[in-house]
Protein chains: 2
Amino acid sequence: MTSIDDVARASGVSTATVSRALRGLPNVSPATRETVLATAEELGYVASSSASGLATGRTLAMGVVVPNVSRWFYSTVLEGIDSELRRVGYDTILFNLGLKGEDRERVFHRSILRKRTDAVIALCLDFTPSEREQLASLGHPTIVVGGPVTGLRHLGIDELAVARTATEHLIALGHRAIGHLGGATEHGLNKRVPERRRRGYELAMAAARLAVRPEWEESGEFTIASGREVALRMLRRTPRPTALFAASDEMAIGAILAARELGIDVPGELSVIGIDDHPLAATFGLTTIAQDAFGQGCLAARLMLDELAGSPPHAGSGRYPTALIERSSTSAR
Amino acid sequence: MTSIDDVARASGVSTATVSRALRGLPNVSPATRETVLATAEELGYVASSSASGLATGRTLAMGVVVPNVSRWFYSTVLEGIDSELRRVGYDTILFNLGLKGEDRERVFHRSILRKRTDAVIALCLDFTPSEREQLASLGHPTIVVGGPVTGLRHLGIDELAVARTATEHLIALGHRAIGHLGGATEHGLNKRVPERRRRGYELAMAAARLAVRPEWEESGEFTIASGREVALRMLRRTPRPTALFAASDEMAIGAILAARELGIDVPGELSVIGIDDHPLAATFGLTTIAQDAFGQGCLAARLMLDELAGSPPHAGSGRYPTALIERSSTSAR
DNA sequence: CTGAAAGCGCTAACAG
DNA sequence: CTGTTAGCGCTTTCAG
């Protein structure tokens, strides 16, 4: 492998100059810089990240902790993060905890702390106190994207408000019998997200003096399959709600599928609203509250990068905007 | 940050001994090892990956190049890779090219070559000659998971055989009017996968002396939305096929949705078969040829790891097994 | 504007 | 079994 010395020798300057020239630092004459750049290119030289990492104390890598990478939200945030990092030459180191969470200890105790990353972004996880502490004591910038986590800075949408807006939309359409398809607590994910969405629903219902019927509240996983299953159960009961607020688009799509199977017309007999604006939402004509997962990833990365660059840490938690998108799954009662 | 010297000093031995003890190397007395382990733990010591990387020439990180992380196949293979790597303390460095491919140059020219990884796994990509060359000249183990790529070792299912099996299954059920929902060439993905699946279909049809009607062959993206759209178009034509082989489960699910919308009974009036065994396949009762993406990821990682450990490179390309799973979307004609 | 030299923290012979 | 001693390849003062 060609090293900085090779480049120095080949271009007739010192390694210090090569280093400066290649990194675009000042105090290098244009001529010299050009020569160095050219020979580096010619020799196919690439700096060793280990060596420069050792010398600078910077790894130029960001750790991203995810519960999994197969759900829309996580994969999309991850793509946002990576695109932002890539742009400035930072690498993304993935720490996939796995839904089962078996790898958690390994991740928290060894790898992240392996001083491999300059900062860490965690997606919507539910940390144990010890994990939280480990993260906090890492000594480098950290942020959680998604649900709020006690003791850690976070960035995300206003879960409560979003759920409320969704429910209020149904109410405004004249619905009074409104059910909720909520998220159950899944291991390793953030409990607070489904909780707050449910709470937002309840608040909106209470504010409109509408009864929340226990048999119209169901919990499942944030997936199409689970949404369908749970909706099937709820929609078979009599009386059934005329509208459904699902805690995620995937669940909402599941509900639409369930309704179709039961011969219930959407939105004629049942209005459905979700949260996310999942790529499939349009296909199903789903009305939803859109959240920009990719953008949230970009922003989180940006924040970490700025902080690493010396900006004072943005205190407190960031709120990311959302938008109601009306499609054909909701209609006036 | 506490360094190896701190641990050495605190436990009253040399740094060399600490290094040996911590890495589980021989030639350390049990007593010494225990002391060192204890003080390291107490001090919260974690070796600097930059330093050890520089000293050993090993980064303990694997590069994974993906076109995106939102499609089932990629995210699942990625999870497989990460789980295998995590187990042995290797890190996953993600290189997301982005569907648009704008980041490609950056990735290929800078980051991967940034000597940050010990090996590279690329998922089903379509490389330019120059990229292929860069990969090959990296000097470290490389493998492609998914479609075959000229000049690079690869691991994946037998695309041709799978497509053939799927088509033959429909033929065996008595279908003669069989359409194909194929994948179009999407930028940055591997062209050869949809091509081979189509070819397998054509071969199976030819072998059964069945006509392949151009109006029963459509191409789209490997997504539910696209599958639905394309199927809608095909199924509206008269005469329409009695069975459909879709190049992926997502397309197949799209076709099922399209059929439902058109009031065409599946499998009564239309049989549908896909490839993948996507998590949603069961929900839609989709008959499919299952491929184990997670397992392919694990295997690819294992191969790279073995090679890094000194095993002679497994020559040639690996074939991963598949299995026909019959559900309720196909029936005899 | 450029070069010399001292590390960054760890590993790997080589002695002992 | 353990310690000493060179580096690994780069960055960064500090001189010049």
Side-chain angles (χ1 to χ4, degrees), chain A residues 1-37 39-40 43-61 89 91 110 113-118 139-140 308, chain B residues 1-37 39-40 43-61 89 110 113-118 139-140 308 310:
Chain A
M1 283 279 93
T2 114
S3 78
I4 198 172
D5 293 287
D6 300 325
V7 180
R9 215 169 303 123
S11 41
V13 296
S14 71
T15 62
T17 301
V18 173
S19 176
R20 282 190 284 252
L22 258 28
R23 287 180 303 150
L25 296 186
N27 296 330
V28 180
S29 79
T32 310
R33 189 185 304 275
E34 202 174 325
T35 318
V36 172
L37 254 43
T39 55
L43 267 50
Y45 169 73
V46 183
S48 149
S49 61
S50 298
S52 64
L54 181 54
T56 59
R58 279 288 172 86
T59 62
L60 294 188
D91 282 331
R110 308 193 59 196
L113 304 171
R114 218 178 185 302
K115 296 184 189 157
R116 215 181 221 310
T117 60
D118 292 339
H140 57 218
L308 287 170
Chain B
M1 283 280 91
T2 113
S3 79
I4 198 173
D5 293 288
D6 300 324
V7 180
R9 214 168 304 123
S11 42
V13 296
S14 73
T15 62
T17 302
V18 172
S19 176
R20 282 189 286 250
L22 258 29
R23 287 181 301 150
L25 296 186
N27 295 330
V28 180
S29 78
T32 311
R33 189 184 304 274
E34 200 173 326
T35 317
V36 172
L37 253 43
T39 56
L43 268 49
Y45 169 75
V46 184
S48 149
S49 61
S50 299
S52 65
L54 181 54
T56 59
R58 280 288 173 86
T59 63
L60 296 188
R110 308 193 59 196
L113 305 170
R114 216 178 186 303
K115 297 182 187 159
R116 216 181 219 310
T117 59
D118 293 339
H140 55 218
L308 287 171

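The figures here come from the full heavy-atom set of this structure, side chains too, leaving out hydrogens, waters and symmetry mates. All figures in this text were calculated on a predicted structure; none of them were measured in a lab. Lettering of chains follows the sequences in order, A, B, ..., and the numbering in each one begins at 1.
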Tell me what [X] touches on the nucleic acid: a base, only sugar-phosphate, or nothing, going by heavy atoms under 4.0 Å.
X	result
Arg20(B)	base
Thr32(A)	sugar-phosphate
Ala47(A)	sugar-phosphate

Can you tell me the distance, in whole Å, between the [atom1] atom of [X] and the [atom2] atom of [N]?
X	N	atom1	atom2	answer
Leu60(A)	dT11(D)	CG	C1'	13 Å
Arg9(B)	dT4(D)	CZ	C1'	16 Å
Leu22(B)	dT2(D)	CG	P	14 Å
Ile4(A)	dG9(D)	CD1	P	11 Å
Asn27(B)	dA15(C)	CG	P	16 Å
Leu25(B)	dC10(C)	CG	P	15 Å
Arg23(B)	dG9(C)	CZ	P	17 Å

(message) Closest-nucleotide mapping onto DNA chain D: is Arg33(B) or Ala55(B) further toward the 5' terminus? I mean the 5' end.
(response)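 By nearest-heavy-atom nucleotide position, the 5'-most residue is Arg33(B).
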
(message) Reading DNA chain D from 5' onward, which residue's closest nucleotide shows up sooner: Ala51(A) or Ala16(B)?
(response)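 By nearest-heavy-atom nucleotide position, the 5'-most residue is Ala16(B).
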
Quick one: is [N] close enough that its OP1 or OP2 comes under 4.0 Å of any side-chain N or O from [X]?
X	N	answer
Ser29(A)	dT2(C)	yes
Ser19(A)	dC10(D)	no
Thr15(A)	dC10(D)	no
Thr56(A)	dT11(D)	no
Thr17(A)	dG3(C)	yes
Arg58(B)	dT11(C)	no
Ser14(A)	dG3(C)	yes

(request) Begin from the C-alpha positions of Thr35(B) and Thr32(B) and carry the test side-chain hydrogen bond (donor to acceptor under 3.5 Å, both in side chains) through to its verdict. (result) CA-CA 5 Å; Thr35(B) 317; Thr32(B) 311; 5.9 Å; no

(message) Determine whether a donor-acceptor pair (N or O, by modelled atom type, separation under 3.5 Å) exists between the side chain of Thr59(B) and the backbone of Gly53(B).
(response)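 Checking the backbone N and O of Gly53(B) against the side chain of Thr59(B), no donor-acceptor pair under 3.5 Å is found.
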
Does any non-hydrogen side-chain atom of [Y] lie less than 4.5 Å from one of [X]?
X	Y	value
His140(B)	Asp118(B)	no
Arg9(B)	Asp6(B)	yes
Ser49(A)	Leu60(A)	no

(request) Counting heavy atoms from C-beta on, name the nucleotide in dC8(C), dC10(C), dC10(D) closest to the side chain of Leu54(A). (result)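 So the side chain of Leu54(A) is nearest to dC8(C).
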
